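Keep in mind the model is a prediction, meaning the values are calculated, not measured.
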Amino acid sequence: MEVINIINFIVAIIVFLCCAHQYIYLFIPFLKKHKPHKPTVMHNYAVLISARNEEAVIADLIESIHNQTYPSHLITVFVVADNCTDATADCARRAGAVVWERFNKKKVGKGYALDFLLNEIKLAYPEDPFDGYFVFDADNLLDENYVAEMNKTFSDGHDIITSYRNSKNFGDNWITAGYGLMFLREAKYLNNSRMLLNLSCAVSGTGFLFSRKIKNKMHGWHFHLLTEDIQFTAHNVMKGRKIAYCPTAVLYDEQPVTFQQSWTQRERWAKGYLQVFSHYCKGLIRGIFKYHSFSCYDIFLTLFPTFPLTVGTLVMNIVAIIVGLCTGADISGPLGSLAGYILNVYLIFFAIGLLTTVTEWKHIHCQKRKKIKYLFTFPVFMFTYMPISVAVVLRRKVEWKPIKHGGHSKTLSDIYAQDDQLPAAAVPSGRPVEQKTKERV
């Protein structure tokens, strides 16, 4: 049992070292403020949307783009209807988007669809008129000031920018709330803190912007691992490029409702992280020394497989307990380690969820009682990554699969009306009462 205690200690040290800087990030928003923006320049933007069988929601996203306070003539929406069997393409066209349809059963996934879309835009617009390219998922909705706020950060000279990712359906159940708190924490206490410390942030799936210069350097979208967003992040960070964050650009994303949908999605994410770590760990380590880059160190540790390592240790302790019960050996060591780990991790995630809920209270759109209730289930949601990590390690191949969302048409007013502190009848079109609509640019 002494050997097991030593292994437990070593793994605990490794996990602590991987996460220690993220605990420090929790204090940064209270200690620093964002710098004032430079003078704003009006830019011409292309919006890239990859949609697969999204006829129920695609028009809502496009409408929220058309309703931006940023001048509409400087925004062009492009949609790739990717292997669709429904009316996604027609719905997007009627909503005012430029649409191409793609049918390819071999090269499946968002990365291939974006590559196709960028190539079609290049052929259709050889003059290359767009200064920047937004990427959204079809089920997203944008706050009406989203593009104007992102343009301020873009005007500061940043070539890649990510935004504040909120949830359309936070209050549906403990799963959607788990996602919601996870993304709010990532926005407020990871990317926001990184930006305040002048470090590189991380792109998270949707709601980001890259410049024409970055597009030309990439020569297309060549990120086809299971998590193309973190692959895009690692690729740019290890080359010394900084990914910025705009805290005032709010995007609403729909989260999976059932555990099966969530398992499928997070299994792909977990496998994708392992893929990116395998492909980019050497480049990130090299970047640490070449650029003296803490951002490379940060992303390297973000990708480091702490969950599989921890799960392996927990399994070892469980086996030791079972063997000890069968043989009469002392099990106090592994039993104490197992109980202590479960309690400590629960308390850590609860504390992170509590901090996020308190500071982002007005941005969480659901009833008060649900905000409090889902504080206690957030650690359980995070614990479910453990069996997912086991499945990923045991399965050789994890493939990209489309996630079926609720598919419900929803406007910004519908999202704000979920707040029990705000009567639905009092909600103005597109904005909560406590916020003032900015004048159009």
Side-chain angles (χ1 to χ4, degrees), residues 8-34 162 164-165 177-204 230 233-234 237 242-245 247 266 269-270 273 277 281 284-285 288 292-314 337-361 363-364 374-386 389:
N8 285 333
F9 178 75
I10 292 172
V11 171
I13 292 297
I14 293 173
V15 172
F16 174 77
L17 292 175
C18 288
C19 301
H21 68 291
Q22 293 192 9
Y23 298 142
I24 296 173
Y25 285 168
L26 296 173
F27 299 96
I28 301 302
F30 303 101
L31 302 175
K32 299 198 69 173
K33 293 183 178 180
H34 289 279
T162 190
Y164 185 100
R165 186 173 179 179
Y179 276 103
L181 277 177
M182 183 175 69
F183 287 131
L184 288 176
R185 177 252 177 172
E186 180 181 54
K188 179 73 173 182
Y189 294 108
L190 288 179
N191 282 336
N192 187 48
S193 296
R194 289 163 174 155
M195 185 70 174
L196 289 168
L197 292 172
N198 200 32
L199 301 173
S200 180
C201 303
V203 167
S204 179
I230 196 66
T233 297
V237 169
K242 178 186 172 183
I243 299 173
Y245 168 68
R266 289 187 289 151
W269 289 354
Y273 266 63
F277 181 78
C281 63
L284 290 169
I285 292 173
I288 294 172
H292 305 288
S293 172
F294 187 86
S295 292
C296 284
Y297 172 81
D298 184 7
I299 299 302
F300 175 83
L301 292 185
T302 300
L303 294 170
F304 192 84
T306 52
F307 260 119
L309 181 65
T310 303
V311 169
T313 307
L314 291 177
S337 295
L338 183 63
Y341 175 82
I342 293 173
L343 177 61
N344 289 335
V345 171
Y346 183 92
L347 291 176
I348 288 171
F349 281 128
F350 180 83
I352 291 173
L354 177 62
L355 176 64
T356 305
T357 300
V358 170
T359 58
E360 305 307 287
W361 184 270
H363 301 288
I364 300 173
Y374 293 136
L375 267 176
F376 296 90
T377 60
F378 175 61
V380 178
F381 174 82
M382 297 305 294
F383 267 123
T384 59
Y385 267 103
M386 293 185 180
S389 297

Check your understanding: Say you draw a straight line from SG of Cys201 to CG of Leu196; how long is it, rounded to the nearest 0.5 Å?
Key -> 9.0 Å

Point to revise | Gap between atom CD1 of Ile288 and atom CZ of Phe300 - 0.5 Å precision | key: 6.5 Å

Check your understanding: Between Thr377 (side chain) and Tyr374 (backbone), is there a donor-acceptor pair under 3.5 Å?
Key -> yes

**Study point:** Reported CG-to-CG distance for the pair Asn192 and Leu184, which is rounded to 0.5 angstrom
**Key:** 12.0 Å

Revision key, fill the gap. Contacts of Ser293 meeting side chain to side chain contact (heavy atoms under 4.5 Å, CB included) (sequence neighbours excluded), chain-then-number -> Tyr291, Ser295, Cys296

Review point. Who passes ring-ring contact (aromatic ring centres under 6.0 Å, His included) against Tyr189, sequence neighbours left out?
Key: none

**Study point:** Minimum-distance pair of heavy atoms, taken over all atoms of Phe378 and Gly178
**Key:** CE1-O, 3.6 Å

Check your understanding: Sequence neighbours excluded, which residues qualify as side chain to side chain contact (heavy atoms under 4.5 Å, CB included) partners of Ser204?
Key -> Arg165, Phe183, Glu186

Practice item. Take Tyr297 and Phe294 through the test ring pair (Phe, Tyr, Trp, His ring centres under 6.0 Å) and record every step on the way to the result. Key: CA-CA 5 Å; Tyr297 172 81; Phe294 187 86; 5.2 Å; yes

Review point. Can you check whether Ala202's main-chain N or O pairs, donor with acceptor, with Asn191's side chain at less than 3.5 Å?
Key: yes

Exercise for review: Using a 4.5 Å cut-off on heavy atoms from C-beta on, say whether the side chain of Leu303 contacts that of Leu284.
Suggested key: yes

Practice item. Could I get the full list of ring-ring contact (aromatic ring centres under 6.0 Å, His included) partners for Phe381, not counting sequence neighbours? Key: Tyr179

**Study point:** side-chain hydrogen bond (donor to acceptor under 3.5 Å, both in side chains) against Thr356, all qualifying residues, sequence neighbours excluded
**Key:** none

Review point. Atom CG in Asp298, atom OG in Ser200: separation rounded to 0.5 Å?
Key: 8.5 Å

Point to revise | Pairwise side-chain contact, Arg266 with Thr384, heavy-atom cut-off 4.5 Å (strictly under) | key: yes

Revision key, fill the gap. When rounded to the nearest 0.5 Å, the distance separating CG of Leu338 from CG of Leu314 is 6.0 Å

Exercise for review: Sequence neighbours left out, what passes salt bridge (Lys or Arg N to Asp or Glu O under 4.0 Å) with Arg185? Give chain and number order.
Suggested key: none

Donor-acceptor list for residues 339-351 side chains, cut-off 3.5 Å, not counting sequence neighbours:
| residue | atom | partner | partner atom | Å |
| --- | --- | --- | --- | --- |
| Asn344 | ND2 | Gly340 | O | 3.0 |
| Tyr346 | OH | Phe376 | O | 2.9 |

Revision key, fill the gap. d(Ile230 CD1, Ile299 CD1) to nearest 0.5 Å is 5.5 Å

Review point. Side chain of Thr233, backbone of Val203: donor and acceptor closer than 3.5 Å?
Key: yes

Check your understanding: In chain order, what residues pass the side chain to side chain contact (heavy atoms under 4.5 Å, CB included) check against Ala270, with sequence neighbours excluded?
Key -> Ile388, Val392

Point to revise | Phe9, CZ atom: more than 12 neighbouring heavy atoms under 6.0 Å | key: no

Check your understanding: Is the shortest heavy-atom distance from the side chain of Leu301 to the side chain of Gln22 under 4.5 Å?
Key -> no

Check your understanding: Who passes side-chain hydrogen bond (donor to acceptor under 3.5 Å, both in side chains) against Lys242, sequence neighbours left out?
Key -> Asn198

Check your understanding: Under the ring-ring contact (aromatic ring centres under 6.0 Å, His included) test, which residues partner Tyr25, sequence neighbours left out?
Key -> His21

Exercise for review: Return the set of residues passing ring-ring contact (aromatic ring centres under 6.0 Å, His included) with Tyr164 (not counting sequence neighbours), or none when no residue passes.
Suggested key: His363

